[in-house]
Amino acid sequence: MNPRAADARLPVAVGPPDVATPATHCTRRAVYPLTSPRATFSGSIRSYEGKRIMTAERTTVGVVGLGAMGLGMATTLAGKGFSVNGFDLSDARRVLAADGGVTPVASLAEVFFDTDFIVFSLPTAKDVAAVVEANLEALKEAGRRVVIIDTSTSEPDVSRDLAAALAGLGHGFIDAPVSGGPAGAANGKLTMMIGGSDQDVALAGPVIDAMSAKALHVGPSGAGNVAKLVNNLLAAAHMVTTGEGLKLALAAGLDAEEALKVLNAASGKSMISEVHFPTWVTNGRFDSGFTMGLMRKDVRLASELAARTGAELPLASAVAKLWAESPLDNAEDFTRMGAFRPVANDN
């Protein structure tokens, strides 16, 4: 088991860290489905027909993993009135959490004790499963329904298995990977793609709302993971194809910045071209905070999902090979895959 959420290993979102789309009524209906239990919102209080009324002040949230993303989510929740217990293997991360109003705890068992919701922000599906399995006894003894909100970039099959196992114990499990980066986590402006039962998503509504600007309930358990892997596979492809397009523009005598303006005003536009390239690539910064290793992992997971489901993805397969075989080190920023200038000029 490795519940550590060190900054370099956390699943950091591919989306721009400082850009978030404001929530809309349509989005919120996706998060709080109009089925029983029905969720309605008034100020900071949500009432659930047939369920107990929760407010931030009465609700205890545990956070497992206080890395780049988990720490921001924990301090955001604390700042919005929740009682938050945070765990990380790193003493330094627990100190930072305490500075942000989070109660640091020294063991995972303390996170699972007397908690209404538990937010995971962990490196891999294996870590997520290990944490749950290590605390099944505590969950069996809990006197109320506990809902786990897993924000890690995990695997659909693992999330489905955990949701089924916890449902048998009377608890809930939501896969809710995020986009928005550390800044989005710290200011409660994440985008969340959610898989889980209507009941659990509705119950977790106040916590989800506190952490996100947009939350999309896309289907049952595992659906959020699928959506995130599809998103990151496309982002990986766009990073490569946009870089190659600008390389062609340069070779043909067109200034790359001018070519990028055209792309972003025409049908070649993507978030990668519109946000990532001007922010981190064309200026040579290459410091988005999302590593090659993390993107390689996500592309690999998407490729494995395609193989298991029998989806034939010839272009995506070529993209996956490029990412797997790139000489770039796992610790380097993933935006370096978009580098398009001759190496001698790449600063």
Check against salt bridge (charged side-chain N to carboxylate O under 4.0 Å, His left out), Asp287 and Arg336: CA-CA 9 Å; Asp287 60 352; Arg336 286 196 174 274; over 6 Å; no
Glu137 side, atom CD; Asn135 side, atom CG - distance, nearest 0.5 Å: 10.0 Å
Sub-4.5 Å side-chain heavy-atom contact between Leu77 and Val207: yes
Heavy-atom pair with the smallest gap, counting every atom of Gly196 and Asp175: N-OD1, 4.4 Å
Minimum heavy-atom distance between Ala259 and Leu246, given as atom pair plus value: CB-CD2, 3.9 Å
Distance in Å, Asn85 CG paired with Leu108 CG, rounded so as to fall on 0.5 Å steps: 12.0 Å
Exam field: side chain Thr115 to backbone Phe113, donor-acceptor pair closer than 3.5 Å: yes
Backbone N/O of Leu139 and side chain of His171: donor-acceptor pair under 3.5 Å: yes
Pair Lys228, Thr153: side-chain N/O donor-acceptor within cut-off below 3.5 Å: yes
Donor-acceptor pair, side chain of Trp323 and main chain of Met295, under 3.5 angstrom: no
side-chain contact (heavy atoms from CB on, under 4.5 Å) evaluation trace for Val64 with Val119: CA-CA 6 Å; Val64 179; Val119 177; over 6 Å; no
Rounded distance [0.5 Å steps], CE in Met211 versus CE in Met192: 4.0 Å
Atom pair CZ/OG1 of Phe334 and Thr291 - distance to nearest 0.5 Å: 10.0 Å
Over all atoms of both residues, closest heavy-atom pair of Leu313 and Ala306: CD1-CB, 3.5 Å
Main-chain N/O of Ser326 paired with Arg296 side-chain donor or acceptor, under 3.5 Å: yes
Cationic N near anionic O, under 4.0 Å, Lys297 to Glu304: no
Donor-acceptor contact below 3.5 Å, side chain Thr242 vs main chain Met239: no
Exam field: side chain Ser90 to backbone Ala92, donor-acceptor pair closer than 3.5 Å: yes
Check: Val147 and Asp116 side chains under 4.5 Å, non-hydrogen atoms: no
Side chain Arg145, main chain Gly170, donor-acceptor under 3.5 Å: yes
Thr282 side chain to Phe277 backbone, donor-acceptor under 3.5 Å: yes
Separation between CZ of Arg300 and CG of Asp298, rounded to the nearest 0.5 Å: 9.0 Å
pair Phe120-Ile149: side-chain heavy atoms closer than 4.5 Å: no
Side-chain heavy atoms of Thr76 within contact of Met73, under 4.5 Å: no
Test item: Asn232 and Phe290 side chains (from C-beta on) under 4.5 Å apart, heavy atoms: yes
Heavy-atom donor-acceptor pair, Asp333 side chain to Ser288 backbone, under 3.5 Å: yes
From OG (Ser159) to CG (Asn225), nearest 0.5 Å: 3.5 Å
Non-hydrogen side-chain atoms of Gln199 and Leu203 separated by less than 4.5 Å: yes
Check: His217 side chain, Asp198 main-chain N or O, donor-acceptor pair, under 3.5 Å: no
Test item: Val63 and Phe87 side chains (from C-beta on) under 4.5 Å apart, heavy atoms: no
Pair Glu110, Ser107: side-chain N/O donor-acceptor within cut-off below 3.5 Å: yes
Min side-chain heavy-atom separation Phe82-Thr60 under 4.5 Å: no
Lys/Arg N to Asp/Glu carboxylate O, Glu244 vs Lys247, below 4.0 Å: no
